[in-house]
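Worksheet: one structure, shown below.
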Amino acid sequence: MTPAPGDGPVHVLLVDDDADFRFPLTRRLDRRGLIIREASTGEEALAALASFPADVVLLDVHMPGMGGMETLRRIRESHPKAEVLMLTGHADVQDGVLGIKSGAFDYLSKPVEFEQLFARVRQACDKGRHERAREQEAGFRRWMEQRMAATERLASLGTLAAGIAHEINNPLAIIAEAAGWMRMLLARDDIRSQKTTPQIASALDKLDVSVARAKKVTHQLLGFARHTDTVVRETDVRALAEDTVRLLRPEAESRRAVIEIETATEGNIIWSDPDQLRQVLLNLVANALHASSPGRKVRIHIACQGGHCDIQVRDKGTGIPKDSLEKIFEPFYTTKPPGAGTGLGLSVSRGIVEKLGGSLSAESVMGQGSCFTVRVPRVCEAHEGVACDVNWLDQAREMQKGE
Ligand SMILES: Nc1ncnc2c1ncn2[C@@H]1O[C@H](COP(=O)(O)OP(=O)(O)O)[C@@H](O)[C@H]1O
Ligand SMILES: [Mg+2]
């Protein structure tokens, strides 16, 4: 929360080479609840500002060594948030005016009347704090606008993705059907004996592979665009991990990789959407396999404790550069060659996990491997777009009470 101007103690740095001027002033300002630090030279003042959060600097113009004007210039450069009140002799009004031109808040002529000085210090402090509050508010507004623009972009991207997926699915179905029909023709005695039949069969194989690949893309596009089909049920997280290992066994075997599950034998039952969580695990483990060199292990580590369940997918693969750790969750971000990756796995997965009330995060060390953590609540409450079977939910609450 932004402190309102006037909130919190006012910090004042008093810079003057004359100790007889500084001490009584410090005592009086201190009695009014201000926090004071003293400096007797410009150099000392700049050093003090490194650790003292001055709202206002009371700065003598005439000091030996670095003069007041030079000190002012340097303070404006290195600590632009501190307001500077110049203290001039009666004869040096010109210096005060010059000070204001160089960015000082105001100047006061010595001997200074205390109440007047105190009032100016408060004003200077309020001005600085008002400006900072305004800057923070403007920054927050900019951040909100960016987020809203990103959300809108994603929403329209989602609609577009769903449209494209549907449009592509129809011709794909026709291609697949036609290929199937041609394959049937090839099996006929009169055609099977033709010389060109093997070439046609091989072309049909290529068609099948390409149709399967395109279907994978449309399936993921639809997953990306999907909004409302989450249903919370009893979910055995260990069983989900086992499904994942089973489904990805051919992929793992072709890479000579091993997928291991690490978990306690009991306490892996949560209330969530098993189909969607399985989809997330499939995405994460597939990615881990893709990043691993042959013979490496991929581990699925499950720990359900307290109100949530952590499912980690750990690999000892290539790792992810630090500056890509957030980008990988953006839709269509992929480092895989064309045809191999859609760049949708992680963005779909994060969307699913967040809808289930959880989070999906990644940690990685280049050359050593990565760890993706899915954290979901043990009991996902119903909310917009997430339906719950009420009986299940009652049972879930009973389970939590019993623990
Ligand atoms: N376990 C991992 N190790 C290294 N890089 C990964 C891992 N998981 C994801 N990535 C990176 O994140 C990118 C996006 O992943 P994803 O959204 O699943 O799309 P895709 O797998 O289709 O590329 C991948 O292309 C890869 O660069
Ligand atoms: Mg992927």
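Ligands are counted one by one from 1 in listed order, and the atoms in each one are counted from 1 as well. Keep in mind that this is a model prediction, so the values were computed, not measured.
Here Asn283 does not reach the Mg ion (ligand 2): none of its N/O/S atoms is less than 2.8 Å from the metal.
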* To do: Check the pair Glu137 / Arg134 against salt bridge (Lys or Arg N to Asp or Glu O under 4.0 Å), numbers first and verdict last.
  => CA-CA 5 Å; Glu137 219 177 281; Arg134 250 201 320 272; over 6 Å; no

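For ligand 1, the protein residues within 4.0 angstrom (heavy atoms only) are Asn287, Ala288, Ala291, Asp315, Thr318, Gly319, Ile320, Ile328, Tyr333, Thr334, Thr335, Lys336, Gly341, Thr342, Gly343, Leu344, Gly345, Leu346, Ser370, Phe372.
A salt bridge links Arg192 with Asp189: the distance from a Lys NZ or Arg NE/NH1/NH2 to an Asp or Glu carboxylate oxygen falls below 4.0 Å.
Partner Asp243 forms a salt bridge (Lys or Arg N to Asp or Glu O under 4.0 Å) with one of Arg238, Arg249, Arg278 and no other, that one being Arg278. Of the residues Thr88, Asp18, Asp16, the one that meets the side chain to side chain donor-acceptor pair (under 3.5 Å) test with Lys110 is Asp16.
Other residues, nucleotides and ligands place no more than 12 heavy atoms under 6.0 Å from the CD atom of Gln94.
A donor-acceptor contact shorter than 3.5 Å is absent between the side chain of His62 and the backbone of Gly89.
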